[in-house]
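Hydrogens, waters and symmetry mates are skipped; everything else that's a heavy atom, side chains included, is used. Here is how names work: the chains are called A, B, and so on, in the same order as the sequence lines, proteins then strands, and each is numbered from 1.
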Number of protein chains: 2
Amino acid sequence: MNHLIVDREPRMLPNWRDALPAAAVVSRRETVGGDGSGVGIRWCRLRTGEKLADVLPHLPVILSGYRTVILADEPSDALTLESLSVGASGCCNTHAAPEVLKQVALVVANGGLWVGQSLLQQVIGNTSRALAQRAKPAVDDPLPGLSEREQQVARLVAAGASNKEIADRLKIAERTVKAHLTAIFEKTGARDRLQLSLRINGVKL
Amino acid sequence: MNHLIVDREPRMLPNWRDALPAAAVVSRRETVGGDGSGVGIRWCRLRTGEKLADVLPHLPVILSGYRTVILADEPSDALTLESLSVGASGCCNTHAAPEVLKQVALVVANGGLWVGQSLLQQVIGNTSRALAQRAKPAVDDPLPGLSEREQQVARLVAAGASNKEIADRLKIAERTVKAHLTAIFEKTGARDRLQLSLRINGVKL
DNA sequence: TTGACAACTGTACTTTTGTTCAATAGTCAA
DNA sequence: TTGACTATTGAACAAAAGTACAGTTGTCAA
C-alpha cells in the first residue's frame, strides 16, 4: 500500500510519521501530473481556512488505483459530506492520533468510506446497535466447536493455502494437516476445503 | 430464502406475487410469537396513516435469521431513516414494481441496507457517480479475457462446485470442465480452484 | 478458402486432497 | 488413576484435481 501525502507546504507531521512511516509527502504542484501508476491512498491536507474547491484542481480525483482521503485541519460533518460528494473516500482530522489514521487507511484501502463517528450517528441514528446485533449472527464465527489448532488450519485453508503450505507454516507434517482437516470437515459438515473456505469467508451463495 | 409478508389485513398484492411468488402473507397477530427458526426476509407493510410505532410492538426486531424491510404505502426519506433506526434493513414503496422488490430482496438478503435513491442522493450527494466509477475496478469482473463458457465454469467453481457437478450442470464431460479450468488458470494466473474462488468472491487476504 | 479461435472430448499421467487403520504422547477433569 | 480430548504422525489407499498430447467440430472474419 502506497501512501502519498499532499500538502501546500510539504512537511511530515509526527502523527503521520507514526501512522504511515513509508508515506511520501509532496506539494500540490507535484501531484498535478502523476503517471497514475500503482495503488494506494492519497492523503490530501486541507489547512485552516482552505476550502475543498481550493485544492480540487490539483486532484485528478480518479487516479487509477489511488483513493483519496481529506486531512482537514478543521473537520466537520459538512466538509466530510462534501469530500464524499467529490469522490473522496473519507475525511478526518489532520492531527488525528496515529491509531486513528491507521484505522482510516485500513478501511479505505479495503474500499470502505471513512465518515467519522458523529456523522455516522447522525445519518444512521441509533441503528448502530441494531446493526451490531445483526452483524453478530452473520459474522458469527463459522468455526464453532473447533479446537485452537483446527481453527488455525481452517483459517489458512480459507485463505487459500495448500496442505503443504499449512504444514510448513505451522511446522507440522502434512499428514497432520490432513488429520485436522478431516476433523474439521467432520465437525463443520463442509464437504471439502473449498466449501470450508466459502463458509469462513462468509460468501453468500 | 424465506419471505414473510406481514400485513394488517393479509392479502397478496399482484406485485408482491410477481416478485416473491413463494412468500407467505400473515397478519400481525400471527407473527408475535414465531419460533424464530429459519432465515429470510420479513416484509412489514405500513398502511397509509399508520406509523412505525403502530406495528413495532408486533415485531421482535431481532428474529434470528430474519431481516426486516418496511413496505410503506406512503414512503418518505424520514420514514426510511426511522426504519433503519429501529433495526430494519430498509424501506420501500408498497406498490413498487416486482423488479424493484426483487432487487431489494437481493440486497437485503446479502446484508445490505435498502435506502432508496432519493435518500441516498441526499445523504451522499452526488458521490454516486464517483462511487460507481470506483466500484467498477474494485468489483471489476475478475474474469477479464475469459470466454463466455469459461466464465460460467469459473463462477460455478467460485460457488464451490466440483468438476463433476459443473459437468452435470452444463451438460458437458468432466474432461471438458478440466480443459476450461486449465485455460482459466492459465489466463488468470490462479493456482487452483480455491485461489480462483477467492479472487472471484473478492476475498481480501 | 484459409486461419484463428471457441467448444468439446478421449487417453493417460502426475499431483493434491481426503480417508482408513493404527499408534504415541500430553492435558485435564471426574 | 482413568477416561476423554487434543495434537501428532506413519503407511496405504481412494478420489479429485489438474496437466500433457491429440483430435473433431463449428463459427467468423480476412
When rounded to the nearest 0.5 Å, the distance separating CD of B/Glu74 from OG1 of B/Thr94 is 9.5 Å

Do B/Lys164 and B/Asp168 meet the salt-bridge criterion of a basic N to acidic O distance under 4.0 Å?
yes

Under a 4.0 Å heavy-atom criterion, DNA chain C is touched by chain A from C/dT17 to C/dC21

What one should report as the nearest heavy-atom pair of A/Cys92 and A/Leu101 is SG-CD2, 3.9 Å

- Message: Between A/Ser147 and D/dA7, is there a contact of a side-chain N or O with OP1 or OP2 at under 4.0 Å?
- Response: yes

Between the CG atom in A/Leu156 and the CD atom in A/Glu165, the distance rounded to the nearest 0.5 Å is 9.5 Å

Have a look at B/Ala179 and say if it touches a base, only the backbone sugar-phosphate, or nothing, with a 4.0 Å heavy-atom cut-off.
base

Value for CD (B/Gln152) from OG (B/Ser147), rounded to nearest 0.5 Å, stands at 8.5 Å

Taken in chain and number order and not counting sequence neighbours, the residues that satisfy side chain to side chain contact (heavy atoms under 4.5 Å, CB included) with A/Ala190 are A/Phe185, A/Thr188, A/Gln195, A/Leu196, A/Arg199

From NZ of B/Lys178 across to C1' of D/dA17 the rounded distance in Å is 6 Å

Atom CG of A/Leu146 and atom P of D/dT6 are separated, to the nearest Å, by 10 Å

Inset, instruction - Begin from the C-alpha positions of B/Asn163 and B/Arg193 and carry the test side-chain hydrogen bond (donor to acceptor under 3.5 Å, both in side chains) through to its verdict. - result: CA-CA 10 Å; B/Asn163 289 344; B/Arg193 62 204 300 112; 2.9 Å; yes

query = Within less than 4.0 Å of OP1 or OP2 of D/dT19, is there a side-chain N or O belonging to B/Thr182?
reply = yes

Contacts satisfying side chain to side chain donor-acceptor pair (under 3.5 Å) that involve residues 178-187 of chain B (not counting sequence neighbours) are B/Glu150-B/Lys187

Item to check | Check against salt bridge (charged side-chain N to carboxylate O under 4.0 Å, His left out), B/Arg45 and B/Glu9 | outcome: CA-CA 10 Å; B/Arg45 181 173 182 188; B/Glu9 313 268 341; over 6 Å; no

note: B/Asn163, atom CG; D/dA16, atom P; distance rounded to Å ~ 10 Å

To the nearest angstrom, the CZ-P distance between B/Arg193 and D/dT19 comes to 11 Å

Polar pairs (N or O, both sides) under 3.5 Å between protein and nucleotides 25-28 of chain D?
none

Whether B/Asp18 and B/Lys102 form a salt bridge (side-chain N of Lys/Arg under 4.0 Å from carboxylate O of Asp/Glu) is what I want to check. no

One should read off an interatomic distance between B/Asp73 CG and B/Leu46 CG, to the nearest 0.5 angstrom, of 7.5 Å

From CZ of A/Phe185 across to P of D/dA14 the rounded distance in Å is 20 Å

A/Glu148 atom CD is separated from D/dC5 atom C1', nearest whole Å, by 15 Å

Bend of the helix from C/dT1-D/dA30 to C/dA30-D/dT1 from end-axis comparison, five pairs per end, nearest 10°, comes to 40°

Atom CD of A/Glu186 and atom P of D/dC5 are separated, to the nearest Å, by 13 Å

Tightest non-hydrogen contact, residues B/Ala105 and B/Ile41, listed as O-CD1, 3.4 Å

In this structure, CG of B/Leu170 is separated from OG1 of B/Thr176 (nearest 0.5 Å) by 10.0 Å

Whole-Å distance, B/Leu181 CG to D/dT19 P, equals 9 Å

Per the under-4.0 Å heavy-atom filter, residues of residues 166-177 of chain A near DNA chain D come out as A/Ile172, A/Ala173, A/Arg175, A/Thr176

One should read off an interatomic distance between B/Leu71 CG and B/Trp16 CH2, to the nearest 0.5 angstrom, of 6.0 Å

